[in-house]
Amino acid sequence: MAPGTRSPSGRCSTGAAGSPPGKIYGVHGAAAWQRQDPRHRAALAAGDADTDVTFGGDATGAHLVLNRDKSELMCRAYDDADGHWVINPMFIGPLPRRPEPYPCATSAHNATGGGGEPVLRDDGSVVPDQKDTVY
């Protein structure tokens, strides 16, 4: 798979700081697509784009999101499934409040073949639409 694409399990292939998958903790091949045990995952992850969803979600501690109005990332951050998602407005030129909720339940997930799909939690349930409250 090409860097930045998703496997069927939703794991993202992008390595940290442009490194190939598995370069950081020595996990290679198909195993790199599986969620690793906590000692092989970052404690803190930060992101500002939908391409940061998997990296951010894999963190064992805090998941910091800069609000650039990216639907899938913001759906996961506002859903706060594990209670460790932290949202911050952009530091320079923060965006205004999004007037309508993020379309989490219908189209915020970037589908592999293009288009949108519902954002799903790890348990398979659908994330409801989320209001923009940190801007």
Side chains of Tyr102 and Asp69: do they bring a donor and an acceptor to under 3.5 Å?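 Note: Tyr102 and Asp69 side chains meet the donor-acceptor criterion.
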Show every salt bridge (charged side-chain N to carboxylate O under 4.0 Å, His left out) that has at least one partner inside residues 77-87, sequence neighbours left out.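 Matches after skipping sequence neighbours: Asp79-Arg121.
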Please collect all salt bridge (charged side-chain N to carboxylate O under 4.0 Å, His left out) contacts where either partner lies in residues 38-47, sequence neighbours excluded, each pair once.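 Pairs touching residues 38-47 that pass the test: Asp37-Arg39.
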Verify, without hydrogens or angle tests, whether Gln36 (side chain) and Gln34 (backbone) share a donor-acceptor contact under 3.5 angstrom.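 Side chain of Gln36 to backbone of Gln34, a donor-acceptor pair under 3.5 Å: yes, one is there.
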Would you check if the side chain of Glu100 reaches a backbone N or O of Arg98 as a donor-acceptor pair within less than 3.5 Å?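 The answer is no, because no donor-acceptor pair under 3.5 Å joins these two groups.
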Provide the closest heavy-atom pair for [X] versus [Y] in the form atom of the first, atom of the second, distance.
{"X": "Leu66", "Y": "Pro89", "result": "CD2-O, 4.1 Å"}
{"X": "Phe91", "Y": "Asn88", "result": "CE2-ND2, 3.6 Å"}
{"X": "Pro96", "Y": "Asp132", "result": "O-OD2, 4.1 Å"}
{"X": "Asp129", "Y": "Pro101", "result": "CB-CB, 4.0 Å"}

Heavy-atom side-chain proximity of Thr106 to Pro118 below 4.5 angstrom: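 No - every pair of side-chain heavy atoms lies 4.5 Å or more apart.
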Apply side chain to side chain contact (heavy atoms under 4.5 Å, CB included) to Val86 and list each qualifying residue two or more places apart in sequence or on a separate chain.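 Expected list: Leu64.
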Could you pull out all residues at least two apart from Ala45 that satisfy side chain to side chain contact (heavy atoms under 4.5 Å, CB included)?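 With neighbours one apart ignored, the set is Phe55, Ala59.
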Salt bridge (Lys or Arg N to Asp or Glu O under 4.0 Å) partners for Arg97, two or more places apart: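 Arg97 satisfies salt bridge (Lys or Arg N to Asp or Glu O under 4.0 Å) with no other residue.
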With sequence neighbours excluded, residues passing salt bridge (Lys or Arg N to Asp or Glu O under 4.0 Å) with Asp52: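 Expected list: none.
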Restricting to pairs with a member in residues 30-130, which pass disulfide bond (SG atoms under 2.5 Å apart), not counting sequence neighbours?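 Every disulfide bond (SG atoms under 2.5 Å apart) pair that includes a residue of residues 30-130, provided the two are not neighbours, is Cys75-Cys104.
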Given the rule that I, L, V, M, F, W and Y join up when any side-chain heavy atoms are under 4.5 Å apart, are Met74 and Val119 in one cluster?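 Result: no, two separate clusters.
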Could you see if Val127 belongs to whatever hydrophobic cluster contains Ile87? Use Ile, Leu, Val, Met, Phe, Trp, Tyr and a side-chain cutoff under 4.5 Å.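 Different clusters: Val127 never reaches Ile87 through Ile, Leu, Val, Met, Phe, Trp or Tyr contacts under 4.5 Å.
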Leu120: which other cluster members, linking ILVMFWY side chains closer than 4.5 Å, directly or transitively?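 Val126, which link up through side-chain heavy atoms under 4.5 Å apart, make up the rest of the cluster.
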Between atom OG1 of Thr51 and atom CG of Asn110, what is the distance when rounded to the nearest 0.5 Å?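 Between atom OG1 of Thr51 and atom CG of Asn110 there are 9.5 Å.
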CZ/Arg35 to CG/Asp122 distance, rounded to the nearest 0.5 angstrom?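 Those atoms lie 5.0 Å apart.
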Report the C-alpha separation of Asn67 and Asp48 in whole Å, then their side-chain angles, then the decisive distance to 0.1 Å, and conclude whether the side-chain hydrogen bond (donor to acceptor under 3.5 Å, both in side chains) test is met. CA-CA 6 Å; Asn67 187 351; Asp48 66 353; over 6 Å; no
Salt bridge check, Glu72 against Lys70: does any charged N sit closer than 4.0 Å to a carboxylate O?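 No, no charged N to carboxylate O under 4.0 Å.
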List in chain and number order the residues that pass ring-ring contact (aromatic ring centres under 6.0 Å, His included) with His40, two or more places apart in sequence or in another chain; answer none if no residue qualifies.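 ring-ring contact (aromatic ring centres under 6.0 Å, His included) list for His40, sorted by chain: Tyr25.
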Kindly state each residue pair satisfying ring-ring contact (aromatic ring centres under 6.0 Å, His included) with at least one member in residues 60-88, sequence neighbours excluded.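 Passing the test, one end in residues 60-88: His63-Trp85.
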